[in-house]
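Worksheet for the structure shown next.
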Amino acid sequence: MLTRWDFPNGTPGYLYFQACALVSGLDAYPIDVLAVLLSDFDFENSAIGSGEENVDASDQMHLSAQVPGKPLSTERIEERMGTAMIAGFTAAFACEVGMKTLLLTRIDKAPMTHNLQELNQSLPEDCQNRLQADFAGIADILTEYQQVALL
C-alpha cells in the first residue's frame, strides 16, 4: 500500500496534473489517426436500402444504405491499430492516475495496483457516487476494462 507520506509534498497535485495532461492529449488526437474515417468509404457506389423510409417527429427522413469500404494498406491498418491501442492505454493510465490522486488526497493511501475496478472500489463512497453521477456507467466500464493497464 502506498501512502501519501511515500511521496514528496505536492505529489497528488502532480499526479492530477499528469492525468489531466493525458486526457488533454487524447482530446487533441488528430482526426486522421482515428480507426475509421468517412474517407474510407466509397459513397459513390453506395446502395440505398430497400426498406421503408422512416420519418421521425421532427419530419426528418432516415434511410438505410450499404456503403462499401475502400481498401486500406497493411501499413495504414497497423498505424490505426497502434493509435487505437495508444489511446486505450493512455485513457486507462489517466483513470488509474486520477483515482490514485483522489485516494492520496482523500484517505492518504492508495493500493499498489493497476486494476481499475480495485482502485474504484477503494475510493470513498462519496467519490464513487460523484464519478457515477458525472460519468454514467463508469463502474461498469472500469469493471469491463479493469486489466487494460496490465496488457
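Everything quoted here is computed from the prediction, not taken from an experiment.
For the side chain to side chain donor-acceptor pair (under 3.5 Å) condition, the pairs that include at least one residue of residues 129-141, sequence neighbours left out, are Arg130-Asp134. The salt bridge (charged side-chain N to carboxylate O under 4.0 Å, His left out) contacts involving residues 111-126 comprise Arg106-Asp126, where partners must be two or more places apart or lie in separate chains.
The side chain to side chain donor-acceptor pair (under 3.5 Å) check on Gln117 picks up Thr143, Gln146, with sequence neighbours excluded. Judged as a side chain to side chain donor-acceptor pair (under 3.5 Å), and not counting sequence neighbours, Thr90 has no contacts. In this structure, the side-chain contact (heavy atoms from CB on, under 4.5 Å) partners of Leu102, at least two apart in sequence or on a different chain, are Leu123. Ala21 is linked by a side-chain contact (heavy atoms from CB on, under 4.5 Å) to nothing, counting only residues two or more places apart in sequence or in another chain.
Going from atom OG of Ser122 over to atom CD of Gln128 covers 8.5 Å, rounded to the nearest 0.5 Å. Residue Thr101 holds its OG1 atom at 4.5 Å from CG of Leu15, rounded to the nearest 0.5 Å. Taking SG of Cys127 as the reference point, atom CG of Asn120 lies at 9.5 Å (rounded to 0.5 Å).
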Stepwise side chain to side chain contact (heavy atoms under 4.5 Å, CB included) test for Met99 and Leu142: CA-CA 11 Å; Met99 285 189 285; Leu142 294 175; 4.1 Å; yes

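Side-chain heavy atoms closer than 4.5 Å link hydrophobic residues (I, L, V, M, F, W, Y) into clusters, and following such links, possibly through other members, connects Leu116 to Phe135. Cluster annotation: Leu119 and Ile107 are assigned to the same hydrophobic cluster (Ile/Leu/Val/Met/Phe/Trp/Tyr, side-chain heavy-atom contacts under 4.5 Å, transitive).
Annotation for Val23 and Ala94: closest pair CG2-CB, 3.8 Å, computed over non-hydrogen atoms.
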